[in-house]
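Please read these numbers as outputs of a predicted model, since none were measured by experiment. To find a chain, count down the sequence lines: A is the first, B the second, and so on, and within it residues start at 1.
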Amino acid sequence: MMNKIWLGLIVLGIVVGAINGKMEAVSASILQAAIDSVEILFKLIGPMAFWLGIMKIAEESGFTTLIARMIKPVMRRLFPEIPPEHPAMGAMIMNFSANILGLGNSSTPLGIQAMKELQTLNPQKKRATKAMLTFMVINTSSITLLPGTMIGLRVAAGSTEPTVIIGTTIFATVCSTVAALTVDRFCRLVIRD
Amino acid sequence: MLNIVQVISIWAIPVIITLIPCYAFVKGVPVYDTFVKGAVDGFKTVVRIIPYLVAMMVTINILRASGTLELVTKVMQPVLDLLAIPGDIFPLVILRPLSGNGSLAFVNSIFQHHGPDSLLGNMASTIMGSSETTFYVVAVYFGAVGISDSRYAIPIGLIADIIGFIAAVFICNLVFG
(Lines give C-alpha, C1' and ligand atoms only; values in the text may rest on other atoms or scores of the structure.)
Protein backbone atom coordinates (compact mmCIF):
# COMPACT_ATOMS: atom_id res chain seq x y z
CA MET A 1 0.00 0.00 0.00
CA MET A 2 2.81 2.39 0.94
CA ASN A 3 4.32 1.86 -2.54
CA LYS A 4 1.18 3.16 -4.23
CA ILE A 5 0.62 6.08 -1.84
CA TRP A 6 4.23 7.24 -2.13
CA LEU A 7 4.32 7.08 -5.91
CA GLY A 8 0.84 8.60 -6.15
CA LEU A 9 1.78 11.63 -4.02
CA ILE A 10 5.00 12.26 -5.98
CA VAL A 11 3.23 12.04 -9.35
CA LEU A 12 0.39 14.26 -8.07
CA GLY A 13 2.85 16.89 -6.85
CA ILE A 14 4.83 16.91 -10.10
CA VAL A 15 1.68 17.16 -12.24
CA VAL A 16 0.24 20.02 -10.15
CA GLY A 17 3.65 21.70 -10.21
CA ALA A 18 3.75 21.44 -14.00
CA ILE A 19 0.25 22.94 -14.33
CA ASN A 20 1.16 25.77 -11.92
CA GLY A 21 4.43 26.37 -13.76
CA LYS A 22 6.43 25.85 -10.56
CA MET A 23 8.88 23.25 -11.85
CA GLU A 24 11.93 25.26 -10.85
CA ALA A 25 10.82 25.47 -7.21
CA VAL A 26 9.80 21.79 -7.19
CA SER A 27 13.15 20.75 -8.60
CA ALA A 28 15.07 22.76 -6.00
CA SER A 29 12.87 21.49 -3.16
CA ILE A 30 13.61 17.83 -3.86
CA LEU A 31 17.30 17.76 -2.98
CA GLN A 32 16.77 20.39 -0.30
CA ALA A 33 14.38 17.97 1.43
CA ALA A 34 17.01 15.23 1.34
CA ILE A 35 19.54 17.60 2.92
CA ASP A 36 17.04 18.84 5.53
CA SER A 37 16.02 15.36 6.65
CA VAL A 38 19.58 14.39 7.50
CA GLU A 39 20.05 17.72 9.29
CA ILE A 40 17.00 16.95 11.47
CA LEU A 41 18.31 13.47 12.21
CA PHE A 42 21.81 14.74 12.92
CA LYS A 43 20.38 16.75 15.80
CA LEU A 44 18.67 13.59 17.06
CA ILE A 45 21.91 11.58 17.47
CA GLY A 46 22.95 13.22 20.76
CA PRO A 47 19.57 13.03 22.52
CA MET A 48 19.16 9.51 21.17
CA ALA A 49 22.50 8.35 22.62
CA PHE A 50 21.75 10.12 25.90
CA TRP A 51 18.30 8.60 26.42
CA LEU A 52 19.37 5.15 25.26
CA GLY A 53 22.08 5.31 27.94
CA ILE A 54 19.63 6.38 30.65
CA MET A 55 17.08 3.80 29.52
CA LYS A 56 19.72 1.06 29.69
CA ILE A 57 20.35 2.00 33.33
CA ALA A 58 16.59 2.10 33.99
CA GLU A 59 16.16 -1.30 32.41
CA GLU A 60 19.06 -3.14 34.06
CA SER A 61 18.17 -1.79 37.51
CA GLY A 62 14.55 -2.85 37.17
CA PHE A 63 13.31 0.76 37.26
CA THR A 64 11.23 0.40 34.09
CA THR A 65 9.57 -2.73 35.48
CA LEU A 66 8.84 -0.80 38.65
CA ILE A 67 6.98 2.02 36.88
CA ALA A 68 5.33 -0.47 34.55
CA ARG A 69 3.98 -2.26 37.61
CA MET A 70 2.70 1.04 39.05
CA ILE A 71 0.29 1.76 36.21
CA LYS A 72 -0.25 -1.84 35.19
CA PRO A 73 -4.08 -1.72 35.10
CA VAL A 74 -4.13 1.06 32.50
CA MET A 75 -1.28 -0.32 30.40
CA ARG A 76 -2.68 -3.85 30.42
CA ARG A 77 -5.97 -2.59 29.06
CA LEU A 78 -4.26 -0.52 26.35
CA PHE A 79 -1.79 -3.25 25.38
CA PRO A 80 -3.39 -6.60 26.23
CA GLU A 81 -0.90 -8.57 24.08
CA ILE A 82 2.24 -7.28 25.83
CA PRO A 83 3.34 -9.14 28.99
CA PRO A 84 2.75 -6.66 31.86
CA GLU A 85 6.39 -6.74 33.02
CA HIS A 86 8.00 -6.59 29.57
CA PRO A 87 10.57 -3.75 29.14
CA ALA A 88 8.37 -2.37 26.32
CA MET A 89 5.78 -1.30 28.92
CA GLY A 90 8.31 0.73 30.90
CA ALA A 91 9.76 2.31 27.76
CA MET A 92 6.29 3.31 26.56
CA ILE A 93 5.47 4.85 29.94
CA MET A 94 8.70 6.89 29.78
CA ASN A 95 7.71 8.12 26.31
CA PHE A 96 4.18 9.03 27.45
CA SER A 97 5.60 10.94 30.43
CA ALA A 98 7.93 12.96 28.19
CA ASN A 99 4.97 13.73 25.91
CA ILE A 100 2.69 14.78 28.75
CA LEU A 101 5.36 17.14 30.11
CA GLY A 102 5.94 18.56 26.63
CA LEU A 103 9.59 17.45 26.51
CA GLY A 104 9.70 17.19 22.73
CA ASN A 105 13.41 16.44 22.33
CA SER A 106 13.20 13.55 24.75
CA SER A 107 9.97 11.94 23.67
CA THR A 108 11.30 10.87 20.25
CA PRO A 109 14.34 8.90 21.55
CA LEU A 110 12.18 7.31 24.26
CA GLY A 111 9.52 6.44 21.68
CA ILE A 112 12.11 4.82 19.42
CA GLN A 113 13.38 2.79 22.36
CA ALA A 114 9.81 1.64 23.03
CA MET A 115 9.40 0.65 19.37
CA LYS A 116 12.60 -1.42 19.57
CA GLU A 117 11.21 -3.26 22.58
CA LEU A 118 7.88 -3.82 20.82
CA GLN A 119 9.74 -5.10 17.76
CA THR A 120 11.24 -7.94 19.84
CA LEU A 121 7.68 -9.29 20.23
CA ASN A 122 6.86 -8.94 16.52
CA PRO A 123 6.66 -12.16 14.51
CA GLN A 124 6.67 -10.35 11.12
CA LYS A 125 9.55 -7.87 11.31
CA LYS A 126 8.45 -5.67 8.40
CA ARG A 127 4.84 -5.29 9.51
CA ALA A 128 3.48 -3.22 12.40
CA THR A 129 1.80 -5.11 15.27
CA LYS A 130 -1.42 -4.03 16.94
CA ALA A 131 0.49 -2.94 20.03
CA MET A 132 2.78 -0.77 17.88
CA LEU A 133 -0.22 0.79 16.19
CA THR A 134 -1.89 1.62 19.52
CA PHE A 135 1.39 3.11 20.76
CA MET A 136 1.71 5.11 17.55
CA VAL A 137 -1.89 6.32 17.75
CA ILE A 138 -1.34 7.67 21.26
CA ASN A 139 1.79 9.44 20.06
CA THR A 140 0.41 10.94 16.86
CA SER A 141 -2.75 12.16 18.59
CA SER A 142 -0.45 14.02 21.02
CA ILE A 143 -0.98 13.76 24.78
CA THR A 144 0.68 17.04 25.78
CA LEU A 145 -0.66 18.48 29.01
CA LEU A 146 2.04 21.15 29.29
CA PRO A 147 2.62 22.76 25.89
CA GLY A 148 6.00 24.20 26.91
CA THR A 149 7.32 24.89 23.41
CA MET A 150 4.16 26.76 22.44
CA ILE A 151 4.16 28.83 25.65
CA GLY A 152 7.80 29.73 24.98
CA LEU A 153 6.94 30.86 21.47
CA ARG A 154 4.06 32.97 22.77
CA VAL A 155 6.33 34.66 25.30
CA ALA A 156 8.83 35.33 22.51
CA ALA A 157 6.05 36.88 20.41
CA GLY A 158 5.19 39.30 23.22
CA SER A 159 2.08 37.57 24.59
CA THR A 160 0.65 39.07 27.77
CA GLU A 161 -1.16 35.84 28.67
CA PRO A 162 1.05 33.04 27.38
CA THR A 163 -0.49 30.28 29.52
CA VAL A 164 -4.19 30.79 28.70
CA ILE A 165 -3.84 28.09 26.05
CA ILE A 166 -3.09 25.32 28.57
CA GLY A 167 -6.77 24.65 29.27
CA THR A 168 -7.84 24.72 25.64
CA THR A 169 -4.85 22.57 24.64
CA ILE A 170 -5.73 19.93 27.21
CA PHE A 171 -9.34 19.92 26.01
CA ALA A 172 -8.32 19.46 22.35
CA THR A 173 -5.70 16.85 23.24
CA VAL A 174 -8.14 14.78 25.27
CA CYS A 175 -10.72 14.92 22.44
CA SER A 176 -8.23 13.81 19.80
CA THR A 177 -6.68 11.05 21.93
CA VAL A 178 -10.06 9.63 22.95
CA ALA A 179 -11.23 9.70 19.32
CA ALA A 180 -8.01 8.08 18.08
CA LEU A 181 -8.10 5.34 20.73
CA THR A 182 -11.73 4.63 19.92
CA VAL A 183 -10.93 4.20 16.24
CA ASP A 184 -7.92 2.06 17.19
CA ARG A 185 -10.11 -0.22 19.36
CA PHE A 186 -12.51 -0.54 16.47
CA CYS A 187 -9.67 -1.43 14.06
CA ARG A 188 -8.37 -4.03 16.53
CA LEU A 189 -11.77 -5.71 16.51
CA VAL A 190 -12.41 -5.51 12.78
CA ILE A 191 -8.99 -5.93 11.17
CA ARG A 192 -7.31 -9.30 11.58
CA ASP A 193 -3.56 -9.77 11.89
CA MET B 1 0.64 29.47 36.20
CA LEU B 2 3.58 30.36 33.95
CA ASN B 3 5.86 29.73 36.94
CA ILE B 4 4.49 26.24 37.59
CA VAL B 5 4.89 25.29 33.94
CA GLN B 6 8.42 26.68 33.82
CA VAL B 7 9.42 24.92 37.02
CA ILE B 8 8.15 21.57 35.74
CA SER B 9 9.82 22.06 32.36
CA ILE B 10 13.14 22.98 33.95
CA TRP B 11 13.15 20.29 36.64
CA ALA B 12 11.74 17.25 34.82
CA ILE B 13 14.89 16.05 33.09
CA PRO B 14 17.38 16.79 35.91
CA VAL B 15 15.10 14.95 38.36
CA ILE B 16 14.74 11.94 36.05
CA ILE B 17 18.46 11.63 35.40
CA THR B 18 19.23 11.80 39.12
CA LEU B 19 16.47 9.46 40.19
CA ILE B 20 17.15 6.61 37.75
CA PRO B 21 20.94 6.31 38.22
CA CYS B 22 20.57 6.64 42.03
CA TYR B 23 18.00 3.86 42.07
CA ALA B 24 20.25 1.73 39.84
CA PHE B 25 23.32 2.43 42.02
CA VAL B 26 21.47 1.21 45.10
CA LYS B 27 20.51 -1.93 43.18
CA GLY B 28 24.20 -2.53 42.43
CA VAL B 29 24.19 -1.62 38.72
CA PRO B 30 27.49 -0.15 37.39
CA VAL B 31 25.79 3.05 36.23
CA TYR B 32 28.52 4.62 34.09
CA ASP B 33 29.39 1.42 32.22
CA THR B 34 25.71 0.72 31.64
CA PHE B 35 25.06 4.25 30.35
CA VAL B 36 27.89 3.96 27.82
CA LYS B 37 26.72 0.49 26.76
CA GLY B 38 23.25 1.85 26.00
CA ALA B 39 24.34 5.15 24.44
CA VAL B 40 26.57 3.44 21.89
CA ASP B 41 23.48 2.44 19.89
CA GLY B 42 22.37 6.06 19.45
CA PHE B 43 24.19 6.69 16.20
CA LYS B 44 23.26 3.35 14.64
CA THR B 45 19.59 3.89 15.47
CA VAL B 46 19.47 7.33 13.90
CA VAL B 47 21.33 6.24 10.76
CA ARG B 48 18.73 3.53 10.22
CA ILE B 49 15.98 6.19 10.06
CA ILE B 50 17.63 8.16 7.22
CA PRO B 51 16.08 6.37 4.21
CA TYR B 52 12.56 6.50 5.66
CA LEU B 53 12.72 10.18 6.53
CA VAL B 54 14.31 11.17 3.21
CA ALA B 55 11.57 9.34 1.29
CA MET B 56 8.87 11.15 3.26
CA MET B 57 10.41 14.63 3.35
CA VAL B 58 11.08 14.66 -0.40
CA THR B 59 7.41 13.88 -1.08
CA ILE B 60 6.19 16.56 1.32
CA ASN B 61 8.50 19.18 -0.19
CA ILE B 62 7.25 18.35 -3.70
CA LEU B 63 3.65 18.77 -2.51
CA ARG B 64 4.48 22.11 -0.89
CA ALA B 65 6.62 23.60 -3.65
CA SER B 66 4.23 22.56 -6.42
CA GLY B 67 1.26 24.32 -4.82
CA THR B 68 -0.62 21.04 -4.22
CA LEU B 69 -1.23 21.92 -0.58
CA GLU B 70 -2.72 25.29 -1.55
CA LEU B 71 -4.97 23.48 -4.00
CA VAL B 72 -6.21 21.16 -1.26
CA THR B 73 -6.96 24.20 0.93
CA LYS B 74 -9.10 25.70 -1.84
CA VAL B 75 -10.97 22.46 -2.48
CA MET B 76 -11.73 22.13 1.24
CA GLN B 77 -13.15 25.67 1.58
CA PRO B 78 -16.86 24.64 1.72
CA VAL B 79 -16.15 22.21 4.58
CA LEU B 80 -14.45 25.00 6.56
CA ASP B 81 -17.39 27.30 6.21
CA LEU B 82 -19.62 24.51 7.47
CA LEU B 83 -17.54 24.04 10.66
CA ALA B 84 -17.02 27.79 11.32
CA ILE B 85 -13.26 27.38 10.87
CA PRO B 86 -11.56 30.68 10.00
CA GLY B 87 -9.96 30.49 6.55
CA ASP B 88 -6.80 32.14 7.91
CA ILE B 89 -6.11 29.21 10.18
CA PHE B 90 -6.85 26.39 7.76
CA PRO B 91 -3.40 26.06 6.11
CA LEU B 92 -2.25 24.95 9.55
CA VAL B 93 -4.42 21.80 9.36
CA ILE B 94 -2.72 20.80 6.13
CA LEU B 95 0.79 21.76 7.30
CA ARG B 96 0.66 20.43 10.85
CA PRO B 97 0.79 16.66 10.20
CA LEU B 98 3.38 17.12 7.45
CA SER B 99 5.95 19.56 8.73
CA GLY B 100 6.87 20.66 12.25
CA ASN B 101 9.02 23.56 11.07
CA GLY B 102 6.52 24.62 8.40
CA SER B 103 3.65 24.76 10.86
CA LEU B 104 5.73 26.63 13.45
CA ALA B 105 6.61 29.22 10.82
CA PHE B 106 2.92 29.56 9.97
CA VAL B 107 1.97 30.04 13.63
CA ASN B 108 4.65 32.71 13.94
CA SER B 109 3.19 34.55 10.96
CA ILE B 110 -0.24 34.48 12.64
CA PHE B 111 1.37 35.92 15.78
CA GLN B 112 2.90 38.70 13.72
CA HIS B 113 -0.26 39.59 11.80
CA HIS B 114 -2.89 39.15 14.51
CA GLY B 115 -0.91 39.02 17.78
CA PRO B 116 -0.43 35.96 20.02
CA ASP B 117 -3.33 36.95 22.31
CA SER B 118 -5.90 37.35 19.52
CA LEU B 119 -8.52 34.67 18.89
CA LEU B 120 -6.53 33.41 15.90
CA GLY B 121 -3.30 33.47 17.91
CA ASN B 122 -4.83 31.43 20.73
CA MET B 123 -6.43 29.05 18.24
CA ALA B 124 -3.15 28.48 16.40
CA SER B 125 -1.32 27.90 19.70
CA THR B 126 -3.94 25.41 20.86
CA ILE B 127 -3.82 23.51 17.56
CA MET B 128 -0.01 23.32 17.65
CA GLY B 129 0.05 22.18 21.27
CA SER B 130 -2.57 19.49 20.85
CA SER B 131 -1.43 17.81 17.63
CA GLU B 132 1.61 16.05 16.25
CA THR B 133 3.70 15.95 13.10
CA THR B 134 2.06 12.62 12.27
CA PHE B 135 4.06 11.78 9.15
CA TYR B 136 7.38 12.51 10.87
CA VAL B 137 6.50 10.42 13.93
CA VAL B 138 5.36 7.48 11.80
CA ALA B 139 8.45 7.63 9.50
CA VAL B 140 10.90 7.93 12.39
CA TYR B 141 9.38 5.38 14.79
CA PHE B 142 8.74 2.69 12.20
CA GLY B 143 11.94 3.53 10.35
CA ALA B 144 14.03 2.96 13.47
CA VAL B 145 12.94 -0.69 13.60
CA GLY B 146 12.78 -1.25 9.84
CA ILE B 147 9.02 -1.59 9.49
CA SER B 148 7.78 -0.68 6.01
CA ASP B 149 4.13 -1.77 6.42
CA SER B 150 2.68 0.84 8.79
CA ARG B 151 -0.89 -0.46 8.25
CA TYR B 152 -3.51 1.96 9.61
CA ALA B 153 -1.12 4.20 11.58
CA ILE B 154 -1.36 7.21 9.23
CA PRO B 155 -5.15 7.16 8.71
CA ILE B 156 -5.79 7.06 12.48
CA GLY B 157 -3.12 9.69 13.11
CA LEU B 158 -4.83 11.98 10.60
CA ILE B 159 -8.27 11.33 12.11
CA ALA B 160 -6.80 12.30 15.49
CA ASP B 161 -5.31 15.46 14.00
CA ILE B 162 -8.63 16.46 12.42
CA ILE B 163 -10.65 15.78 15.59
CA GLY B 164 -8.07 17.69 17.65
CA PHE B 165 -8.24 20.55 15.20
CA ILE B 166 -12.04 20.76 15.27
CA ALA B 167 -12.00 20.49 19.09
CA ALA B 168 -9.40 23.28 19.31
CA VAL B 169 -11.42 25.61 17.06
CA PHE B 170 -14.61 24.84 18.98
CA ILE B 171 -13.17 25.41 22.46
CA CYS B 172 -11.28 28.56 21.42
CA ASN B 173 -14.41 30.05 19.87
CA LEU B 174 -16.19 29.29 23.14
CA VAL B 175 -13.50 30.52 25.55
CA PHE B 176 -11.85 33.39 23.67
CA GLY B 177 -14.50 34.24 21.06
Side-chain angles (χ1 to χ4, degrees), chain A residues 9-10 13 16-17 20 22 25-26 29-30 33-34 37 41 44-45 48-49 52-54 56-58 60-61 63 101 103 111-112 115-116 119 126-128 133 136-137 139-142 144 146-148 150-151 154 157 159-161 163 165 168-169 171-173 175-176 179-180 183-184 187, chain B residues 1-2 5 9 12 17 20-21 23-24 27 29 31 34-35 37-39 41-43 45-46 49 53-54 57-59 61-63 65-68 111 116-117 122 125-126 128-132 134 137 141 144-145 147-153 156-157 159-160 163-164 167-168 171-172 175:
Chain A
L9 288 176
I10 290 180
V16 174
N20 285 346
K22 287 190 175 169
V26 171
S29 77
I30 294 172
S37 38
L41 289 177
L44 189 63
I45 297 173
M48 193 74 225
L52 284 182
I54 295 290
K56 192 89 185 163
I57 299 176
E60 299 218 339
S61 63
F63 186 86
L101 296 175
L103 306 172
I112 291 170
M115 284 302 283
K116 283 181 164 180
Q119 180 74 329
K126 292 246 163 235
R127 194 162 184 269
L133 289 162
M136 198 63 92
V137 159
N139 261 283
T140 53
S141 74
S142 162
T144 310
L146 285 178
M150 231 23 255
I151 293 173
R154 290 170 63 83
S159 167
T160 50
E161 293 174 304
T163 56
I165 57 145
T168 52
T169 301
F171 176 84
T173 286
C175 286
S176 70
V183 179
D184 177 59
C187 290
Chain B
M1 196 63 192
L2 184 60
V5 175
S9 304
I17 70 143
I20 294 176
Y23 178 84
K27 290 268 165 177
V29 174
V31 284
T34 312
F35 178 87
K37 204 165 68 185
D41 284 335
F43 186 73
T45 305
V46 174
I49 305 171
L53 196 64
V54 168
M57 294 261 299
V58 166
T59 321
N61 261 26
I62 293 175
L63 293 174
S66 62
T68 311
F111 284 174
D117 298 314
N122 285 333
S125 313
T126 304
M128 274 309 279
S130 62
S131 52
E132 258 298 339
T134 299
V137 174
Y141 282 20
V145 291
I147 285 180
S148 48
D149 184 359
S150 65
R151 298 175 67 192
Y152 48 85
I156 300 193
I159 291 173
I163 303 278
I171 193 76
C172 286
V175 176

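- Looking at B/F43, both its backbone and its side chain come within 4.5 Å of chain A, counting heavy atoms on both sides.
- Shown here for A/V137 and B/I156, the closest heavy-atom pair between the two residues is CG2-CG2, 3.5 Å.
- Under the 4.5 Å side-chain criterion, counting only non-hydrogen atoms from C-beta, A/Q119 is not in contact with A/M115.
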Practice item. Apply side chain to side chain contact (heavy atoms under 4.5 Å, CB included) to the pair B/M128 and A/I165, showing each step before the final yes or no. Key: CA-CA 10 Å; B/M128 274 309 279; A/I165 57 145; over 6 Å; no

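- Counting heavy-atom pairs closer than 4.5 Å to chain B, the top residue among A/A49, A/S141, A/P147 is A/A49.
- For a residue to count as touching a neighbouring chain, one of its non-hydrogen atoms must lie under 4.5 Å from one of that chain's; by this rule B/S131 touches chain A with the backbone only.
- With a threshold of 4.5 angstrom between heavy atoms, A/N139 approaches chain B through its backbone and through its side chain.
- The heavy-atom pair separating A/A25 from B/A65 by the smallest distance is O-CB, 3.8 Å.
- Looking only at heavy-atom pairs under 4.5 Å with chain B, the residue among A/A172, A/C175, A/A58 that has the most is A/A172.
- Only the side chain of A/A179 comes within contact range of chain B, with heavy atoms under 4.5 Å apart.
- Side chains of B/D149 and A/K126 form no contact here, defined as non-hydrogen atoms less than 4.5 Å apart.
- The candidate from B/G38, B/G42, B/G164, B/A167 with the greatest count of non-hydrogen atom pairs under 4.5 Å with chain A is B/G38.
- Inter-residue side-chain proximity for A/I112 and A/M48 is flagged as met; some heavy-atom pair is nearer than 4.5 Å.
- With respect to chain A, the highest number of heavy-atom pairs below 4.5 Å among B/I49, B/T59, B/V29 belongs to B/T59.
- Residues A/T168 and B/N122 are not in side-chain contact: their nearest non-hydrogen atoms beyond the backbone lie 4.5 Å or more apart.
- Residue contact with chain A, scored on non-hydrogen atoms closer than 4.5 Å, involves the side chain of B/I159 exclusively.
- The distance from the OG1 atom of A/T160 to the CZ atom of A/R154 is 8.5 Å, given to the nearest 0.5 Å.
- Residue contact with chain A, scored on non-hydrogen atoms closer than 4.5 Å, involves the backbone and the side chain of B/V54 alike.
- Contact tally against chain A (heavy-atom pairs below 4.5 Å) for B/T134, B/V137, B/D117: the top residue is B/D117.
- Heavy-atom pairs under 4.5 Å with chain B peak, among A/S37, A/G17, A/A180, A/A34, at A/S37.
- Listed here is the closest heavy atom pair of B/S150 and A/L133: O-CD2, 3.3 Å.
- The most heavy-atom pairs under 4.5 Å with chain A, out of B/V175, B/V58, B/L53, B/V31, come from B/L53.
- In this structure, the portions of A/I30 lying under 4.5 Å from any heavy atom of chain B include both its backbone and its side chain.
- Ranked by non-hydrogen atom pairs under 4.5 Å with chain A, the options B/A12, B/G67, B/P21, B/S125 are led by B/S125.
- Residues A/T144 and A/S142 share a closest heavy-atom pair of OG1-OG, 3.3 Å.
- Note: B/S148 leads B/C172, B/A144, B/S148 in heavy-atom pairs under 4.5 Å with chain A.
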